[in-house]
Amino acid sequence: MRKLPETMVTGLRLVWRAAPREMALNAALQLVVALAVTGQVLAGKRLLDRLLTVGDGESFGVVVGPLVLLSAASAVAAICTVVRIEQQRVLAELVSRSAITRVHEVSAAVDLLAFDSPAFHDRLERARVNALSRPLQMGNGVLGVLSALFTLAGISLALLLIEPLFFVLILVAYVPVWLATTRASRVAYRFSVAQVERDRRRLYLSLVLSRRDEAAEVRAFSLSGFLRRRHDALYQERIDDVRVLATSRMRMGMVAGAVTVVLNGAAIALLVWFVSNGTIGVADAGAVAGAMVLLSGRLDALAASAGSVYESSLFIEDFTSFVADLPELQRRAGSGAAVPPLQSLVADHVTFSYPSRSEPVLRDVSVRVEQGQVVALVGENGSGKTTLAKLLAGLYDPSDGTVQWNGVPLVDLDRTAVRDNVGIIFQDFVRYTLSAYDNIAVGRHERNDPAALREAAERASADSFLAALENGYDTLLGTEYSYGTELSIGQWQRVALARAFFRDAPLLILDEPTAALDPRTEAEFFDRIRQLYRDRTVLLISHRFSTVRNADHIYVLEHGQVAEHGTHDELMRRQGKYAELFLLQAAGFIEPGPDASS
Ligand code: ADP
């Protein structure tokens, strides 16, 4: 409650920043409606006054004036309400866009490691979902409170002038409604926070059941029943919780409503008694009754608006605390020393742990990459190769030790500039549902150079099949949208390689770049690697030892540590882990001939 005024200002500022003109128009319309409603009360009272004089012999013409006034006020209120409701749709979209843009800015700027944290995903989801509706709910709530207060002031003034006692009575009758509304908002907020993680799990299952990437496997393994049951079980838990919430809110609402009805009833009974003993005239009593109806309507509106202000304030705090990190994140991204041309990249006694594991996945790892070299990281699955590559690319920071660019720790360098100097193609590179052209251009989207892009595709042996697509490079890759088509995994891998060529960065990190290529293309790629990446520095990651034998230096990773390193010949001579695994893998390719035993 103490933070409420501050959050209200924040909410209004969010709406104002997104759409000042629309917000001003909306506020103006609300104000006009409020004025029109006050006009209705006053015109109504005058109409009643005049109507009673008609009975005393006045001509019927005396009611025309107030009648016209009443109709005009009603017409203005009705028209402005329609305009406001429709105009609000546009306002809602503008506010949503502005808020979600800020959420995207944060999610793009946070450290990669944040994406391994469930707490971050909860916060992200809450900010994302609330960004769409809450600022506007707050804006509307505040405007609603203002307009309700405004009309209330008008009606109350009328009522105070006629009979102040009733004004007090009705006000008191609404205290329980107010209390119930704020309490219900608090309960709803707590409920929604508690649901986030489970809702995310449920949403994930729903996506698996409806996405193209999983569709084949879901069918092949007949998974839909299994996944649906899991999904439905999570939904059932939510429904059970919603029932509890609804019951508790219903109970609060009913108690509050009952008290209000009793108090309102008492006020009406009092009014009738006053009329019967002549304390109050019939015209005044009629006006009081009319005002009471309007007043309780406005008080209802006030309670609802105040409730939505309160409820949205709780959610807006989530949103603002999420986007509050943005300036710091942007400052950090742009700070640090300039990045000189690469001479060496070194991991110096690096240890690294993922947040979800207590055991480090890299322990005291030292590797060195010199400008112009092809360096290989080899090791079995899970030995830490990809993690090390991400550390070398500055995507993660070591828990211990340093990664140094020309001897300067990466943490002291401008992070954006470091990334600019690195091209990294992950093993699970992204297949964007964009055109073939864009799928390569994302390597360096700001470089608008179709000729270079075509050349990159040629170097990756992708040009022939991309050019042959129905719309050539403009063909959409992905079949969820109209005019799209699909590539084979091997063809996708060549697109990813083209992406790396097009990036044209001084340092290239290729994580299993040929895993999906046929053996001939793979052999060709590694034979030509020096020619393909002339003058560039290449860090090659592979679990296939045969592919890296031409590298200048080979590091063998085992259980997150460097087991040994050297050139292929040196490592073979040592007859250690490398030689053992190299020969083991080579043996897999050589079938013993029919006379092998002889
Ligand atoms: P490699 O590339 O050699 O196959 P990785 O670097 O991908 O190995 O993984 C090394 C170890 O770290 C594995 O045991 C893997 O399970 C674990 N790991 C990888 N990514 C994460 C992550 N995001 N969170 C927790 N553990 C991870």
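In listed order, ligands and their atoms are each counted from 1.
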J.: With side chain to side chain donor-acceptor pair (under 3.5 Å) as the test, pick out the partner of E512 among Q427, H543, Q493.
T.: H543
J.: Protein residues near ligand 1, heavy-atom distance below 4.0 Å?
T.: D116, Y354, S356, R357, V361, E380, N381, G382, S383, G384, K385, T386, T387
J.: Hey, what do you get for CG (L209) to CZ (F226), rounding to the nearest 0.5 Å?
T.: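 If I round to the nearest 0.5 Å, the distance is 10.5 Å.
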J.: What is the ring orientation for F352 with Y354, classed by angle as parallel under 30°, tilted 30 to 60°, or perpendicular over 60°?
T.: perpendicular
J.: For F545 together with H568, are the ring centres under 6.0 Å from each other?
T.: no
J.: Can a salt bridge be assigned to the pair D213 and R431 using a cut-off of 4.0 Å between side-chain N and carboxylate O?
T.: no
J.: Locate the shortest heavy-atom distance separating E217 from L223; write the atom from each residue and the value.
T.: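 Distance-wise, the nearest heavy atoms are O-CD1, 4.4 Å.
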